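Notes to accompany the following structure.
All figures in this text were calculated on a predicted structure; none of them were measured in a lab. We name chains A, B, ... by the order of the sequence lines, and we start the count at 1 in each one.
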Number of protein chains: 2
Amino acid sequence: MKVALKTKAYAAQAPRAELTPFEIVRREPGPNEILIDIRYCGVCHSDVHQVKDEWNNGIFPMVPGHEITGIVTEIGDKVSKFRKGDKVGVGCIVDSCRTCGSCGEGLEQFCKNGFVGTYNGLGKDGIPTYGGYSTQIVVDENFVLRIPDALPLDGAAPLLCAGITTYSPLKHWNAGPGKNIAVVGMGGLGHMAVKIAHAMGANVTVLSQSLKKKADGERMGASGYYATSDPETFQKLANTFDLIINTISAPFDADQYLSLVRRDGTMVLVGAPPEALKTQAFSLIFKRRSFAGSLIGGIPETQEMLDFCAKHGLTADIETIPIKDINQAYERMLQGDVRYRFVIDIASLKQ
Amino acid sequence: MKVALKTKAYAAQAPRAELTPFEIVRREPGPNEILIDIRYCGVCHSDVHQVKDEWNNGIFPMVPGHEITGIVTEIGDKVSKFRKGDKVGVGCIVDSCRTCGSCGEGLEQFCKNGFVGTYNGLGKDGIPTYGGYSTQIVVDENFVLRIPDALPLDGAAPLLCAGITTYSPLKHWNAGPGKNIAVVGMGGLGHMAVKIAHAMGANVTVLSQSLKKKADGERMGASGYYATSDPETFQKLANTFDLIINTISAPFDADQYLSLVRRDGTMVLVGAPPEALKTQAFSLIFKRRSFAGSLIGGIPETQEMLDFCAKHGLTADIETIPIKDINQAYERMLQGDVRYRFVIDIASLKQ
C-alpha cells in the first residue's frame with residue numbers, strides 16, 4: 001500500500017498553548033487498519049480540558065479531536081468490514097486490550113488495561129495518538145464506526161462523543177416511555193441528551209442556567225424547561241425525576257440536584273467537575289437514590305446509537321468553523337456561546 | 001378494654017442529658033391497635049444520635065428504642081392479625097399515610113407524607129411518640145411484626161432495625177450466589193449484614209478498622225476480613241465488589257471505598273455520617289459505579305426478613321443489659337465496645 005503519511009494538523013505545543021498548524025506522520029495502515037480521509041471533527045469540551053492539561057495527564061504536542069467523520073481511502077489486506085469510499089466515524093477509543101471481561105462485553109470504555117484514546121493516548125506501539133484536528137487518521141477497523149447513509153457527516157460528527165456519552169446512560173438506566181428524565185446543562189452533551197431521550201419516548205425536562213435556550217430545547221423535544229438560577233425550580237421539581245443526566249463539568253451542588261430525583265431514581269454524571277462533589281448521606285438514604293457516573297460508550301453501543309440516530313433523524317445542532325477559528329471557538333465554548341457544537345470543516349485544513 | 005396505661009420508661013429530658021427513669025402514659029388501644037408487653041429492646045446507634053440531638057430534630061423528653069420485641073397483651077375489637085400471647089416486634093415505623101405510592105407498595109419508610117417514627121416522631125394525633133425503653137407500647141396492628149417461633153425475643157430484637165436496614169439493600173441490590181459483597185464496619189449493622197449476606201449465598205468480605213473481630217466475622221460467614229487501617233487493603237481489593245454495604249456513621253473517604261467497587265457495582269450507605277461526603281466524579285464515571293443510600297425497610301419486607309432469619313437461624317449477637325446500665329452502654333457503644341448489640345432486658349424496668 002502506498003499512501004501519503006504526512007498529515008496536516010493543528011496542535012497545542014504545550015499545556016494552555018494556543019492551537020497552531022503542525023505536521024504529523026500517520027503510520028502505514030496495517031492489515032486490519034483503515035486510512036480515513038477526515039471531513040469533519042467535532043469540538044468537545046474535553047478537548048479544552050486536555051489542552052489546558054486540567055487532568056494532569058497531557059502529552060504534548062497534542063492534536064485533539066475525537067468526534068471524527070470521514071471517508072475510507074485505503075484499507076489493509078485483512079479488513080473485512082469496510083471498503084474504500086465508505087462513510088465512517090471514529091470516537092474516543094481507537095484500541096483496547098480486547099481480552100479483558102469488559103472488552104469481551106463490548107464495553108471497551110471500561111477496558112481493564114485502559115483503552116487507547118483517539119488522542120492524548122499511547123498506542124500499543126508506545127507512540128502518542130493524535131486526534132481529528134487533522135486531515136487523515138489510521139484506525140483498526142474494529143474501532144471504526146459506520147455512518148449510516150441517512151446521516152450527514154458534519155452533523156453526525158458530534159454523535160461520536162456527545163451522542164454516545166448521553167445515549168449510553170439513557171439506555172443503561174432505562175429511559176423510555178413513562179420515565180421522567182431531566183437533562184442538566186443545555187450544551188453539546190445536553191442538547192443531544194434531550195434529542196435522544198425524547199426519541200426513546202421519555203418525558204424530557206431541561207434544567208439550564210437560564211431560559212435563553214428554551215425555544216431550542218422545546219424544539220428538540222423537551223416538554224419542560226427550567227432555569228437553575230431560579231431557586232423555585234428546585235422546590236417545584238423536588239422528587240420528580242427517574243433519571244437525571246447531569247452534563248455539568250463545573251462544580252455544582254450535588255445535594256440540590258439529588259433532591260429532584262424521585263425514590264429509587266438516579267443522577268448520572270457524564271461531565272467531570274474537577275473538584276470533589278459534596279453529598280449529604282441523607283440525600284441518598286431518604287429516597288434510596290443513586291448517584292452514578294457513565295463514561296462514553298463501547299464500540300457496539302456506539303454503532304447502535306448511530307443507527308438509532310439515523311432511524312430517528314437525529315444529528316447535532318452544529319456551527320461549522322474553519323480550523324483557523326479553533327482558539328476563538330474554545331473561548332466561545334467556555335462562555336457557553338455555541339448552539340450546540342462546533343464542528344471543524346477539515347477542508348479548511350487541506351487548503 | 002381496661003388496661004393500665006401508666007408506663008415505666010427511661011427518658012432523656014433534654015439534648016445530651018443522661019437517660020433517667022420517667023413515667024409516660026400510653027393511649028387506650030383503638031379498634032385496630034395492639035398493646036404489647038415489651039420484653040426486650042435493642043440499643044441502636046441512632047438512639048445515641050437522637051438523644052444527643054445530632055440531627056437537630058429532637059423532641060424532649062425522649063424515650064428511645066425501636067428494636068422492640070414482646071408479647072401481645074390486649075387487642076382492639078377489629079384486630080385480625082394477632083391474638084393475645086403472640087410474639088411480636090415493632091421496628092422504626094409505627095404509622096404512615098397509608099395512601100401514597102410508596103405506602104401502597106409496602107415501602108412505608110419512603111412515605112411521601114413522612115412515616116411516624118416509633119420514637120421522636122409525632123403521631124397522627126399530634127402527640128410525640130415514645131419508644132421501647134419502656135414496659136409497654138400501643139401500635140396499630142398493620143405496623144406490628146410477627147416474631148417467628150424459631151427466634152428468641154432477645155436476639156430477635158435487633159433484627160427490627162439492624163436486621164432490616166441491612167437485609168433491605170442486600171435484597172434490593174441482588175446479593176446472592178456469585179456476588180462479592182463487602183460489609184464496611186463490624187458493628188451492630190455490620191455483623192447482621194455479614195450473617196444475612198452469607199445466608200443469601202453471597203461471598204462476604206468484612207472491612208473493619210482492625211482485625212480484632214476477625215474470628216467473629218469468619219464465624220458469621222465472612223470469607224475475607226481486612227483492616228481498613230492497612231493502606232494495602234485498598235490496593236489489594238481494588239475493583240472487587242459488586243456491592244458494598246457501608247455502615248460507617250462517621251466521616252470517611254468515599255472515593256477510597258468506591259475504588260473497591262467493580263464496574264457497574266454499588267456502594268450503599270446505611271449509616272448516616274453527619275458531614276457531607278466528598279466524591280470525585282471520576283470515582284463514579286470510570287467504572288459506571290453507583291453511590292446509593294438505603295433506609296431501614298417497609299413493613300412487608302421486615303416480616304420477610306424475620307421469616308428469612310428464622311429459616312436460616314439468624315439472630316443478633318447480643319449483650320443483654322439492665323436498663324440502669326443504658327448510659328454506660330451508650331459510652332461503650334461509641335467506643336465500639338460491644339459485640340455486637342446491646343439489648344435491654346425490660347424486666348429490669350418492671351421491678
Side-chain angles (χ1 to χ4, degrees), chain A residues 55 57 100-103 105 107 109-112 114-115 165 168-169 172-173 238-239 246-255 258 261-298, chain B residues 55 57 100-103 105 107 109-112 114-115 165 168-169 172-173 238-239 246-255 258 261-298:
Chain A
W55 298 336
N57 64 346
C100 73
S102 291
C103 285
E105 293 178 58
L107 298 169
Q109 75 271 37
F110 300 121
C111 173
K112 187 180 171 184
F115 67 80
T165 297
S168 185
H172 187 72
W173 278 277
N239 302 311
N246 192 323
T247 73
I248 305 178
S249 58
F252 64 89
D253 181 338
D255 290 309
L258 283 167
V261 176
R262 70 200 311 174
R263 195 198 86 211
D264 289 326
T266 301
M267 176 161 78
V268 183
L269 294 181
V270 293
E275 295 168 29
L277 295 160
K278 288 183 189 171
T279 314
Q280 292 290 344
F282 285 147
S283 293
L284 302 172
I285 289 172
F286 279 149
K287 296 281 175 185
R288 198 160 57 183
R289 295 175 178 124
S290 291
F291 186 19
S294 181
L295 181 69
I296 45 177
Chain B
W55 297 337
N57 65 347
C100 74
S102 291
C103 285
E105 293 178 58
L107 297 168
Q109 76 272 36
F110 300 121
C111 173
K112 187 180 171 185
F115 68 78
T165 297
S168 185
H172 188 71
W173 278 277
N239 302 311
N246 193 321
T247 72
I248 305 178
S249 58
F252 64 89
D253 182 339
D255 290 311
L258 282 167
V261 176
R262 71 200 310 174
R263 195 198 86 210
D264 289 325
T266 300
M267 176 161 76
V268 183
L269 294 182
V270 294
E275 294 167 30
L277 295 160
K278 290 183 188 170
T279 314
Q280 291 290 342
F282 286 147
S283 294
L284 302 172
I285 288 172
F286 279 149
K287 295 282 176 185
R288 199 160 56 184
R289 296 175 179 124
S290 292
F291 187 19
S294 182
L295 180 68
I296 47 179

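The part of A/Ser168 that comes within reach of chain B is its side chain, from C-beta onward, which places non-hydrogen atoms under 4.5 angstrom from that chain. Residue B/Arg289 touches chain A through its backbone alone, counting heavy-atom pairs closer than 4.5 Å. For a residue to count as touching a neighbouring chain, one of its non-hydrogen atoms must lie under 4.5 Å from one of that chain's; by this rule A/Phe282 touches chain B with the side chain only. For B/Asn239, no part lies near chain A; criterion is any non-hydrogen pair under 4.5 Å. With a threshold of 4.5 angstrom between heavy atoms, B/Leu258 does not approach chain A through any atom at all. Of the atoms belonging to B/Phe291, heavy atoms from both backbone and side chain fall under 4.5 Å from chain A.
Side-chain atoms of B/Phe286 and A/Ser294, non-hydrogen and from C-beta on, never get closer than 4.5 Å to each other. Two residues are said to be in side-chain contact when any heavy atoms from C-beta on lie closer than 4.5 Å; B/Ile285 and A/Val270 fail this criterion. A 4.5 Å side-chain heavy-atom check between B/Ile296 and B/Phe115 finds at least one atom pair inside the cut-off. Contact annotation: the side chain of A/Leu269 approaches that of A/Leu277 to within less than 4.5 Å [non-hydrogen atoms, C-beta and beyond].
Comparing B/Gln109, B/Lys112, B/Glu105 by heavy-atom pairs within less than 4.5 Å of chain A, the highest count is held by B/Glu105. The greatest number of non-hydrogen atom pairs below 4.5 Å with chain B, out of A/Glu275, A/His172, A/Met267, is found for A/His172. For the set A/Ala292, A/Ala281, A/Gly101, A/Gly271, the entry with the most heavy-atom pairs within less than 4.5 Å of chain B is A/Ala292. In terms of heavy-atom pairs under 4.5 Å with chain A, the best-connected choice from B/Leu107, B/Leu284, B/Thr266, B/Leu295 is B/Leu284.
Annotation: the span from A/Gln280 atom CD to A/Asp253 atom CG amounts to 9.5 Å, rounded to 0.5 Å.
Nearest heavy-atom pair, B/Val268 versus B/Gly293, reported as atom, atom and distance to 0.1 Å: CG1-C, 3.8 Å. The nearest pair of heavy atoms linking A/Asp255 to A/Lys278 is OD2-O, 3.7 Å.
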